[in-house]
Amino acid sequence: MTATTSKKSKRRTYIALGLCGAAIVAIIGLTVVLSNNVVYFRTVSEAVASRESDGGSRFRIAGEVVPGTVEETRNGVKFEITDGKKTAAIVHVGDPPSLFKDGAPVVCEGRWGADAAFASDRIMIRHGNEYEPPEVDSEKASTGAQDVPAEGTVGAA
Amino acid sequence: MSAPGTDMVSDADPRSGERLMAPVARRIVGVLALVTLAALVIVGLWVAPPDEFQGDAQRLMYIHVPAAWLAYLAFGVTAVSSALYLWPRTRSLVWDRVAGASAELGVVFTALCLLLGSLWGRPVWGVWWAWDARLVTTAVLFFLYLGYLALRRVPATLDVRAKRCAIAALIAFIDVPIVHFSVTWWRTLHQEATVFNPELDAEIHGTMALALWIGVLAFTLLYVYLLDLRYRLEVLDEDRDERELEAAIADRVQGGPPRETVGASS
């Protein structure tokens, strides 16, 4: 009696372990397969390289707004973005987000237009993981406070 | 009192793991959590400077990042206690209760993290939501553990429930490292980790980093406090269920009119 029940529970344990193993393999497999497809944006260089071959499909392009290129148009804004190697012209329809400005890191959604410019209808700002206070004054004030003892030691020396 | 058999069972059964912490310890942790939360409000809202680029919206980070950290911590505790439950030498319902309580807190803080991130994304990114790897895997995390909590509500004996939930918790935990490394493995709209990035090189102004660390400390203390409280609630819940079951059995055994015996035994 006890032998059969323990056999049964053993078999159940194996089934449970098997299911766990299958789930883990499935998740890892899915991750590996998806890792090539979950690219959220293309760099300017990649986008320019695939301009001929992508057949006008919709994608996202990321780069920094080239300072001095931003121009308002009738129904949006026109500017250039760069990834440091290649530059692309963007023609955007609609209002840019409030943090849009010269040098801003942007992700634009749209497709290559006929005029070799990227026709965008959505701009997102891709912020990095660096955080700094704004004014030079406050920066000076904080470093200045640290400098006081340093000056004191200089004076003492 | 009129049903001696019932009282005998519940009194003679010395429950192990009635509580996680002594009530005094919980109170101290609670007070510390309140103090650090107050410090977080002051440092986060007034002492720390606004970000050069994002302005005041960046301050949401001081609760968004601690909320994400707590989700990791809570699901980590759930995974470890689930493993301790499954391991025959350490098998105890204490671990099952810890796992359940911690998962509940994890779900709450994952939801908070998603919500705060969305509120931050609108002014900074320009969108409420983006289908990037970080956001999607975090949403998956939320629903995985929502499923885990649903599994805990499926009627079963305590041992059966504990076992199947422990297995589910271990499988669900696989998503946690995927969420954390999603910003490194794939290109995402979400920025990389500020503190625990692969280079371990935090590019954050000193006072801002201070606010962040106070936030992490405050949320961790809050987690410990709430975990103990939730654990206690689980023990009381189990107690009540057991008593109700015993009362129902006593009714059947005595064969008297049910209403009278229920009234007498309570």
Side-chain angles (χ1 to χ4, degrees), chain A residues 9 12-13 15-17 19-28 30-32 34-43 46 60 62 94-101 103-109 122-139 141-143 145-146, chain B residues 48-55 57-59 61 86 120-127 130-137 140 144 163-164 166-168 170-172 174-175 177-178 181-183 185-195 197 199 201-209 211-212:
Chain A
S9 76
R12 239 192 239 162
T13 313
I15 291 172
L17 281 176
L19 281 176
C20 286
I24 292 168
V25 168
I27 290 171
I28 292 172
L30 210 64
T31 310
V32 171
L34 283 182
S35 52
N36 297 322
N37 292 328
V38 290
V39 173
Y40 194 73
F41 53 81
R42 294 185 203 163
T43 62
E46 287 165 359
R60 300 184 194 91
D95 288 329
S98 52
L99 289 176
F100 178 84
K101 61 176 184 190
V106 293
V107 177
C108 301
E109 211 172 303
R122 181 186 229 180
I123 301 178
M124 289 168 279
I125 307 285
R126 185 179 188 271
H127 187 59
N129 59 348
E130 292 141 39
Y131 305 90
E132 279 296 325
E135 290 121 44
V136 188
D137 290 348
S138 71
E139 187 78 64
S142 63
T143 49
Q146 286 164 359
Chain B
D51 182 62
E52 178 184 17
F53 190 67
Q54 305 173 26
Q58 181 262 336
R59 296 181 193 278
M61 176 200 196
L86 289 177
W120 174 86
R122 185 64 188 85
V124 177
W125 289 345
V127 288
W131 291 101
D132 86 340
R134 169 55 74 82
L135 276 64
V136 171
T137 51
V140 167
L144 273 176
K163 200 179 197 175
R164 63 162 77 127
I167 293 167
L170 288 177
I171 295 171
I174 297 170
D175 194 31
I178 296 178
F181 291 108
S182 58
V183 287
W185 291 343
W186 302 298
R187 273 187 210 159
T188 53
L189 184 62
H190 193 286
Q191 59 268 51
E192 287 204 15
T194 305
V195 180
N197 53 23
E199 295 87 32
D201 172 29
E203 301 223 15
I204 179 165
H205 179 257
T207 325
M208 293 175 168
L212 199 56

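Because only heavy atoms are used, hydrogens play no part in the values below, and waters and symmetry mates are left out as well, while side chains stay in. So you know, we letter chains A, B, ... as the sequences are listed, proteins then strands, and number each from 1.
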- Side chains of B:D51 and B:M61 in contact at under 4.5 Å (non-hydrogen atoms): no

- Message: Just so I understand: if I count every heavy-atom pair under 4.5 Å between each of B:I204, B:D175, B:D132, B:L189 and chain A, which residue has the most?
- Response: B:L189

- Item | A:R60 side-chain N/O to A:Y40 backbone N/O, donor-acceptor pair under 3.5 Å | yes

- Message: If I measure from the heavy atoms of chain B, does A:P96 come under 4.5 Å with its side chain, its backbone, both, or neither?
- Response: neither

- Message: Test your reading of the model: is there a side-chain donor-acceptor pair from B:R187 to the backbone of A:F41, 3.5 Å cut-off?
- Response: yes

- Item | Interface moiety of B:A130 toward chain A, non-hydrogen atoms closer than 4.5 Å | both

- Who wins among B:Q191, B:K163, B:M208 for the most heavy-atom pairs under 4.5 Å with chain A? B:Q191

- Is chain A contacted by the side chain of B:I178, its backbone, both, or neither, given a heavy-atom distance below 4.5 Å? side chain

- Item | Contact origin within B:I174 toward chain A - heavy atom pairs under 4.5 Å | side chain

- Query: CH2/B:W185 to OG1/B:T137 distance, rounded to the nearest 0.5 angstrom?
  - Reply: 9.5 Å

- CD-CZ distance between A:E132 and B:F53, expressed to the nearest 0.5 angstrom: 14.0 Å

- Which region of B:E192, side chain (C-beta onward) or backbone (N, CA, C, O), has a non-hydrogen atom less than 4.5 Å from a non-hydrogen atom of chain A, or is it both or neither? both

- Locate the shortest heavy-atom distance separating B:A57 from B:P123; write the atom from each residue and the value. CB-CG, 4.2 Å

